[in-house]
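Here's the structure, in structure tokens; my notes come after.
If you're wondering where the values come from, they're calculated on a predicted model, not measured in any experiment. We number each residue from 1, following the sequence as shown.
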Amino acid sequence: MKNKKFASFLAAAAALVLLAMPAFAADEQTELPAAKAAEVQQEQTAAPAESEPQLTYVALGDSITSGVGLADMKYNIAQIGYDLRPNFEGYSSQCYTALVGKGLGLDRQHAINLGLPSLMSPDMVDMVQSSAMPKMNQASGSYYVYPEYQEYLRKADIISIQIGSNDALVPCIVGLGEATNWKSEQLAGLMVSGALRDFNFQKLGLFLEALNRMTLTFDESRATNRLLFRGMDEICDQAYTNVTNSLPQIVASIRALNPDAKIVLLGYTNPVPLLPAWNRYFSKLNRFAKDLAAQEGLIYVDIPRTQTAADGHPTVKGHKYIAQQILNAIQ
């Protein structure tokens, strides 16, 4: 990792997510057998048999869209953070962008994955309006500048939007790091290695062992408890304000670039349902997104049963479910 805070961010994410372990299900392998993977790759890259011009589908979002956790996600280490440009057209064959593209008969030049890990809703406003974040998001450690971002949007026939989870997750994780004086950094190795993704009781033991090594002081424990039982309500309330202010701007900015594109607004799934603050947050966001779609003539796609792994990202089955929900809505 590039810096200690971002490593701690990832580690603490495991701590928050695993508070709600019973809600997760990750009962399949994320890697396909080599022969099957090659077959899927060939199907995805092959041009459709029809001679008719292809539609262009562009998926906007954060790490959920980009395919974090899937075996063949593409990215490069950048001077600051990560370069996701290789993933725009070289994305995982298991992510929902690939599956929607396949369902529509699109090649990889007409099904584009613009998912950017750690992106928050104000960041997406910047990306849609100027193809760049004006400065690094210090809380999430993300910084993206892609001149082609707007060009993809201008050429799109269908654009899906998935954003808002990080608006609550990032400040919660940073808050946990601050409450523990960044002792949560000890969990970074587990999170970064991906060892917690496919959860089982052995990995629970590893997690609990790393958690015990934090040895929090009385003040640190008190600050952590306050965050978990009161602070998250405040964070989620502010996150709701941020997302509900940003989503209309995102839609308006897309329409300014491409007034003819069909816009699909994805709903939300809650990866930590045992935390009441998060239940309220995602329930309110789903109602807002549905109402916004009705007011603005968007296609709202509900995804409440998305299966997630122990890191909070969709499993292979989760991506299949999201893709099918999108295809059902637009076809």
Side-chain angles (χ1 to χ4, degrees), residues 23-28 30 32 39-40 43-44 46 48-50 52-70 91-108 110-115 124 152-153 155-165 247 250-251 254-255 258 260-271 273 282-309 312-331:
F24 296 130
D27 58 357
E28 86 288 336
T30 59
L32 293 175
E39 179 184 339
V40 172
E43 289 177 0
Q44 183 67 22
E50 307 90 60
E52 298 178 5
Q54 294 186 57
L55 296 171
T56 297
Y57 166 57
V58 173
L60 302 182
D62 53 35
S63 57
I64 292 173
T65 301
S66 69
V68 165
L70 300 179
Y91 45 80
S92 169
S93 59
Q94 299 170 317
C95 73
Y96 74 77
T97 302
L99 301 175
V100 170
K102 182 179 178 183
L104 297 175
L106 307 180
D107 60 30
R108 284 176 176 262
H110 292 84
I112 309 300
N113 187 330
L114 295 185
M124 184 177 282
Y152 280 126
L153 293 176
K155 297 176 182 177
D157 298 288
I158 303 168
I159 299 168
S160 65
I161 302 169
Q162 172 274 312
I163 197 68
S165 297
L247 271 178
I250 292 167
V251 171
I254 290 173
R255 283 184 165 157
N258 186 343
D260 297 323
K262 183 180 294 185
I263 300 177
V264 177
L265 187 56
L266 294 188
Y268 301 87
T269 186
N270 182 7
F282 286 112
S283 294
K284 288 167 60 180
L285 275 187
N286 273 315
R287 289 194 296 271
F288 175 82
K290 189 173 183 178
D291 290 344
L292 179 65
Q295 294 166 12
E296 296 292 335
L298 316 177
I299 299 173
Y300 174 70
V301 176
D302 200 19
I303 55 170
R305 293 185 294 278
T306 302
Q307 186 185 83
T308 56
H313 294 103
T315 63
V316 173
K317 287 183 179 179
H319 278 277
K320 288 180 180 177
Y321 167 73
I322 295 172
Q324 192 58 58
Q325 292 292 93
I326 293 173
L327 289 169
N328 289 344
I330 64 178
Q331 290 179 330

Please determine whether side chain to side chain contact (heavy atoms under 4.5 Å, CB included) holds for the pair T97 and I112, giving the CA-CA distance in whole Å, both sets of side-chain angles, and the decisive distance to 0.1 Å. CA-CA 7 Å; T97 302; I112 309 300; 6.0 Å; no
Straight-line distance of M124 CE to D62 CG, nearest 0.5 Å: 7.0 Å
Side chain proximity check, R305 to Y321, heavy atoms < 4.5 angstrom: yes
Value rounded to 0.5 Å, distance of OG1 in T308 from NZ in K317: 13.0 Å
From CA spacing to verdict: side chain to side chain contact (heavy atoms under 4.5 Å, CB included), I299, I158: CA-CA 10 Å; I299 299 173; I158 303 168; over 6 Å; no
When Y57 is tested against each of I159, I326, I330 for side-chain contact (heavy atoms from CB on, under 4.5 Å), which residue passes? I326
So which atom in A59 and which in S160 form the shortest heavy-atom distance, rounded to 0.1 Å? CA-OG, 3.4 Å
Of all heavy-atom pairs between S66 and S63, which one has the smallest distance, and what is that distance? OG-O, 3.0 Å
Option from T306, N286, I64 for which side-chain contact (heavy atoms from CB on, under 4.5 Å) with T269 holds: T306
Below 4.5 Å, heavy atoms only, C-beta onward: do F282 and P304 meet side chain to side chain? no
Name the one of V301, L266, I322, I303 that satisfies side-chain contact (heavy atoms from CB on, under 4.5 Å) with Q162? L266
To the nearest 0.5 Å, atom CG of L70 lies from atom OG1 of T315 at 8.5 Å
Matching residue for L153 among T56, L60, N258 - test: side-chain contact (heavy atoms from CB on, under 4.5 Å): L60
Write down the atom of G67, the atom of C95, and the distance for their closest heavy-atom approach. CA-CB, 4.5 Å
Heavy-atom pair of closest approach, residues G103 and Q331: O-NE2, 3.6 Å
Under 3.5 Å donor-acceptor, Q54 side chain and D107 backbone: yes
To the closest 0.5 Å, what do you measure between CZ (R287) and OH (Y268)? 13.0 Å
Going by side-chain contact (heavy atoms from CB on, under 4.5 Å), I161 matches just one of V58, I254, T65. Which one? I254
Is the shortest heavy-atom distance from the side chain of D157 to the side chain of H110 under 4.5 Å? no
Does any non-hydrogen side-chain atom of L104 lie less than 4.5 Å from one of L327? yes
Within the side chain of R108, is there an N or O that forms a donor-acceptor pair under 3.5 Å with the backbone of G101? no
